[in-house]
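For reference, the structure is listed below as structure tokens.
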Amino acid sequence: MSYTRPAAHHEVALEVKKSRFISWIGPAESREAALSYLAEARKHYPDARHHCWAYLIGNPVQTPLQACSDDGEPGGTAGKPILNVLQHKAVGDVMLIVTRYFGGIKLGAGGLVRAYSQAAQLAYETARFDERVAHRTRTLQCSFQHEQSVRHWLEKHQGRVKDIAYGAAVQMQVSFPEAESSRFSAWLEQFPGIHLQRD
């Protein structure tokens, strides 16, 4: 399945009762990438009191890797509201950070939940997104004479060779759009010399 993800880094600010909430949203295809994005936000706003965040890595409808943090705010008032916004938007490979500068007026638990939710929502509404096409990875073994045929099929169907090893035969790890899976299987039936390994 395809899903949406942020196309690029985006930043937007919101003020609630003199507290300033700066939302960062951007693409993250791994936990490491998400935490690197957080480090960048901390470096950019080193004097901010809180850097609350949430990420969803992977396809949002297939139990993605997810996490969130209140970063010193009362438990459940920041990270979970940010994550909740992402979960309801069906967006994947995303890191959303809300940096807060305290304005001197306490918002209370309910006020914090509303403010962080609003900041996350604003980031989502003003960011640009693109479509990520889900890919399938398969490993196959073929003779040297069939290698070029496999490469040609992949080129025609937006696929690619991820890894290759040469020995008595050629072992290839290939990736192609999930939507092309049945077409790939049908194509392979023409070549009894190409052996597909089981998932």
For R31, look at atom CZ and say whether over 12 heavy atoms of other residues, nucleotides or ligands are found less than 6.0 Å away.
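No, the 6.0 Å shell around CZ holds no more than 12 heavy atoms from other groups.
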
Could you tell me whether H9 atom NE2 has more than 12 heavy atoms of other residues or ligands within 6.0 Å of it?
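Count over threshold, so yes.
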
What residues, two or more places apart in sequence or in another chain, satisfy side-chain contact (heavy atoms from CB on, under 4.5 Å) together with E15?
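Partners of E15 under the side-chain contact (heavy atoms from CB on, under 4.5 Å) test: none.
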
If we only count heavy atoms from C-beta on, is the [X] to [Y] side-chain gap below 4.5 Å?
X	Y	value
W187	S149	yes
V61	Y3	no
F191	C142	no
V85	Y116	no
L112	H50	no
R114	Q118	no
H10	R128	no

Are any side-chain N or O atoms of [X] and backbone N or O atoms of [Y], one a donor and one an acceptor, separated by less than 3.5 Å?
X	Y	result
D70	A78	yes
R138	Q197	yes
S19	G103	yes
H88	N84	yes
D93	G58	yes

From [X] atom [atom1] to [Y] atom [atom2], the distance as rounded to the nearest 0.5 Å:
X	Y	atom1	atom2	result
I97	L38	CD1	CG	5.0 Å
C52	I82	SG	CD1	5.5 Å
I25	R5	CD1	CZ	13.0 Å
T77	L107	OG1	CG	9.5 Å
M172	H146	CE	NE2	12.0 Å
I194	E189	CD1	CD	12.0 Å

Minimum heavy-atom separation for [X] and [Y], please, with both atom names.
X	Y	result
K80	C68	N-SG, 3.9 Å
A123	V12	CA-CG1, 3.7 Å
V98	A120	CG2-N, 4.5 Å
L14	A115	CD2-O, 4.1 Å
A48	R100	CB-O, 3.8 Å
L56	Q66	CD2-OE1, 3.2 Å

Sub-6.0 Å ring centroid separation between F176 and H157
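No, they do not, as the ring centres are separated by 6.0 Å or more.
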
Is the W53 to Y37 ring centre distance short of 6.0 Å?
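Distance test on ring centres: not under 6.0 Å, no.
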
Describe, in one word, how the ring planes of Y124 and F129 are oriented to each other, choosing from parallel (under 30°), tilted (30 to 60°) and perpendicular (over 60°).
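Rings of Y124 and F129: tilted, 30 to 60°.
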
